[in-house]
Amino acid sequence: MEHTAPVNPWVALAYLVAGVCFILALRGLSSPATAQRGNRLGMIGMALAVGTTLFAHHLASPFEIGVAMAIGAAIGIVTARRIAMTDMPQLVAAFHSLVGMAAVLVAAAAYLNPGAFGILGDDGQILTVSRIEMGLGIAIGAITFSGSVIAFLKLNGNMSGKPIMLPGRHVINIAVLAAILGLVGYFTQDQSAWVFWTITALSFVIGFLLIVPIGGADMPVVVSMLNSYSGWAAAAMGFTLHNSAMIITGALVGSSGAILSYIMCKAMNRSFISVIAGGFGGDSAAAGGEAKEQRPWKRGSADDAAFLLGQAEQVIIVPGYGMAVSQAQHALREMGDKLKEHGVRVKYAIHPVAGRMPGHMNVLLAEANVPYDDVFELEDINSEFSQTDIAFVIGANDVTNPAAKTDKTSPIYGMPVLDVEKAKTVLFIKRSMGGVGYAGVDNDVFYMDNTMMLLGDAKKMVEEIVKSLD
Amino acid sequence: MDFISILSIFVMACFVGYYVVWSVTPALHTPLMAVTNAISSVIIVGALIASAAEGSVWSKWLGLLAVVLASVNIFGGFAVTQRMLAMYKKKERPVAK
C-alpha cells in the first residue's frame, strides 16, 4: 500500500504559481485592453499545472494519456473555432456539463483507487475528511452535469424554454437534497459502495429537477449559477488531492459564478430563491391578456425610420435577445456606420440581462466590430435618453418597459429598466404586435404617441433601413 | 498539508476571487464565464493522477475519460475566450474600413 509521499516543495510551489496565474487571468478582464494578456497567463498557468502533474507522478500509461489529451484538444479547438457567437450561451452550458462530469469521474476514480490519491488511512480505510470532500465533490459535480445538460437543451431549443412544472416539486427537491446530505454524513461512517453510488445517482436527479422548472428568461442566472457550481466541484476535489492550484481555481470560479448570479438577479429585481424555485414566465397568457382594449399604435416603414434616423443628432440603440436570434448585429453595425457618416452620434445601451447570459450583447456587438467605447451599461447611459432624439430598440422588450417603474402590480415592478420612453422618438423593432416579452407583460412604450413600431424580422428591417439611408 | 492550511488557502482564495471578479468590466462577462470554465478544468490534475496510477483498471479508465472531457474544456475554453477577446476593439478613427 502506498502512503502519501512527502510533497516535493518545488511541485507544491509550481501549483501555487499556477493558481496565481489564474488569478491574474481574471484580473486582466478588468479592461478589454489587458484581457488578452490575462488569457495567455491563464494558458500558462494551465500548462504549468498539467506539466507539474505529469512530472511529479510516475506515469504508468503515458501513451493513453497523450491520446486522451489529443482527442480532447481536437474536439475543443474545433468547437471553439466553429461556434457562432450567438450560440455562446449553449456552448458555455455544454462546457460546464463537461467540468461537472470530469469532477464526477475523478471522484469515482479516487473512490475506486484511494491509494493512488494518498487518501488512505492507516486502517486501510479512506480518511474521514476525504470522504466528506469526496462525497461533496461527486454531488456538486453530478448536479453541475445534469443541470448544465438541461440548461444546454433549453438554450439550444431542443427543449421548450417554458418552465416545466412538476406537481409537488418543492417537497421532492428538498427531500432529495436532504437525502444527499444525509448520505454524505453517513458515508463518513460506512464507506460501502452503495452509499457512494446512491449519492451520485440522487445528485444527477436533483440537478435535473432543479433546472427543469426554470424558464428561458432566467437562464442568465442559471448559467452563472452552474458556473459557480463547477468551481465548487473543482475546489472539493482540490481538498481531496491537497492541491493548491485546484483549490485556488475552485474558489475563484465559485465566487465568480456567484457574483454573476447576484448581478443578474439584481438586474431583474428578483431574489435568488425565487429564480431557483422556478416557474417565472409560465403563465404569460394569463398575465398578458388582462383584457385591455386594443390600443392604437403607429406603424412605420423602413423608409420612415431611415428618414428619422438621418435627421437625428444622437441615436441610442438598445439591443436585446431578438437581435441575437435574427443575427442582426452585423446589419446593425452597418446602420451605425451609415448614420455616423450622416453626422449622427450613435451609442449602444446594454441592460445587464439582455440576452441569455451575462455580457451576451457585448460579445455580439464586438463580433460585429462595434468599438467597445460606443457601448454603455445601463447606469452610465440611462440619464442620456432625455437628451436623445431616437431610441432604437431592437429585439428587447421587458428591459424597456416603464411599468417596472410605475405599476406596482406588474411582475417586473422594481426591475431597473432603460428609460427609452424619454427619448424624443422611439423606434421599436418587433416581430409582431401579438407577442409579449418573457415576463408576459404588455409594454406601454408600444402605444406612445412618439413611438413608431417597425414590425418584421430584425435583420431584414435593419438591412432595409441601411438601403434607404443611401 | 493539513486540513486547516488547505482550508486557509481556500478561504483566502474566495476573498481574492470576490474582489477580482467585481473589478471585471460587465462588457467582458461572457469571456469571464468562458475563461473560468477553462480554468476550472484544472480538475484535469486529478484525472491525470487517476489515469497514471496502477492498481485499478476501472479507476484508470475513468481517469482517462475525465482527461478527455477536461481537455475539451481547457483547449476549447481558452480558444473561444481568445477568439472573443480579439473582437473587442477600441474606436478606430473614421475612414478606416
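Order of the sequence lines fixes the chain letters, A, B, ..., with proteins taken first and strands second; residue numbering starts at 1 for each chain.
- Screening residues 38-67 of chain B for salt bridge (Lys or Arg N to Asp or Glu O under 4.0 Å) gives A:Glu64-B:Lys60 as the qualifying pairs, with residues at least two apart or on separate chains.
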Please determine whether side-chain contact (heavy atoms from CB on, under 4.5 Å) holds for the pair B:Thr25 and A:Tyr372, giving the CA-CA distance in whole Å, both sets of side-chain angles, and the decisive distance to 0.1 Å. CA-CA 11 Å; B:Thr25 164; A:Tyr372 64 78; over 6 Å; no
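- A distance of 10.5 Å separates NE2 in A:His242 from CD1 in B:Ile9, rounded to the nearest 0.5 Å.
- Contacts between A:Phe376 and chain B at a heavy-atom distance below 4.5 Å are absent for every atom of the residue.
- Per-residue counts of heavy-atom pairs under 4.5 Å with chain A were compared for B:Asn37, B:Leu64, B:Leu28; the largest is that of B:Asn37.
- Both the backbone and the side chain of B:Ile6 come within contact range of chain A, each with at least one heavy atom under 4.5 Å from a heavy atom of that chain.
- More than 12 heavy atoms of other residues, nucleotides or ligands shown are found within 6.0 angstrom of CH2 on B:Trp22.
- When the candidates B:Val24, B:Leu65, B:Leu7 are compared by the number of heavy-atom contacts under 4.5 Å with chain A, B:Val24 comes out ahead.
- Interface check for chain B: of the options A:Val375, A:Val67, A:Ile263, the most heavy-atom pairs under 4.5 Å are formed by A:Ile263.
- Listed by first and then second residue, the salt bridge (Lys or Arg N to Asp or Glu O under 4.0 Å) pairs that reach into residues 36-53 of chain B come to none, sequence neighbours excluded.
- Taking A:Ala368, A:Gly254, A:Ala102 one by one and counting their heavy-atom pairs under 4.5 Å with chain B, the maximum is reached by A:Ala102.
- Among A:Val104, A:Ile65, A:Leu252, A:Val50, the residue making the largest number of heavy-atom pairs under 4.5 Å with chain B is A:Ile65.
- Considering only heavy-atom pairs separated by less than 4.5 Å from chain B, the leading option among A:Ala233, A:Cys21, A:Gly238, A:Ser31 is A:Ser31.
- Ranked by heavy-atom pairs under 4.5 Å with chain A, the first of B:Leu48, B:Thr36, B:Leu69 is B:Thr36.
- Within a 6.0 Å sphere centred on CZ of B:Phe15, other residues, nucleotides and ligands contribute 12 heavy atoms or fewer.
- Going from atom CG of A:Leu364 over to atom CE of B:Met84 covers 10.5 Å, rounded to the nearest 0.5 Å.
- When the candidates A:Ala251, A:Gly72, A:Gly76 are compared by the number of heavy-atom contacts under 4.5 Å with chain B, A:Gly72 comes out ahead.
- Ranked by non-hydrogen atom pairs under 4.5 Å with chain A, the options B:Ser41, B:Pro26, B:Ala34, B:Ala70 are led by B:Pro26.
- Under the side-chain contact (heavy atoms from CB on, under 4.5 Å) test applied with B:Val21, the options A:Ser30, A:Ser255, A:Ser256 reduce to a single match, A:Ser256.
- For the atom pair CD1 (A:Ile350) and NE2 (B:His29), the distance works out to 12.5 Å, reported to the nearest 0.5 Å.
- To the nearest 0.5 angstrom, A:Met88 atom CE is 9.5 Å from B:Met33 atom CE.
- Between the side chain of A:Arg27 and the backbone N or O of B:Val20, no donor-acceptor pair lies under 3.5 Å.
- Residue A:Val223 touches chain B through both its backbone and its side chain, counting heavy-atom pairs closer than 4.5 Å.
- For A:Glu341, no part sits under 4.5 Å from any heavy atom of chain B, backbone or side chain.
- Checking side-chain atoms of B:Thr30 against main-chain N and O of A:His360 turns up a donor-acceptor pair under 3.5 Å.
- Of the residues listed (A:Val99, A:Ile23, A:Ile248, A:Val253), the one engaging B:Ile39 in a side-chain contact (heavy atoms from CB on, under 4.5 Å) is A:Val253, and it is the only one.
- Ring-plane geometry between B:Phe10 and A:Trp232 is classed as perpendicular, the angle between the planes exceeding 60 degrees on a 0 to 90 degree scale with a lower cut at 30.
- When each of A:Arg81, A:Met101, A:Glu377, A:Met46 is scored by its heavy-atom pairs under 4.5 Å with chain B, the top score falls to A:Met46.
- In terms of heavy-atom pairs under 4.5 angstrom with chain A, the leader among B:Ile74, B:Ile49, B:Val67 is B:Ile49.
- Put simply, CG on B:Leu85 and CG on A:Leu29 are 6.5 Å apart, with the number rounded to the nearest 0.5 Å.
- Contacts between A:Arg82 and chain B at a heavy-atom distance below 4.5 Å involve the backbone alone (N, CA, C, O).
- Contacts with chain A were tallied for B:Ser56, B:Ala66, B:Ser40; B:Ser40 has the most, counting heavy-atom pairs under 4.5 Å.
- For the atom pair CZ of B:Phe78 and CD1 of A:Ile44, the computed distance is 10.0 Å after rounding to the nearest 0.5 Å.
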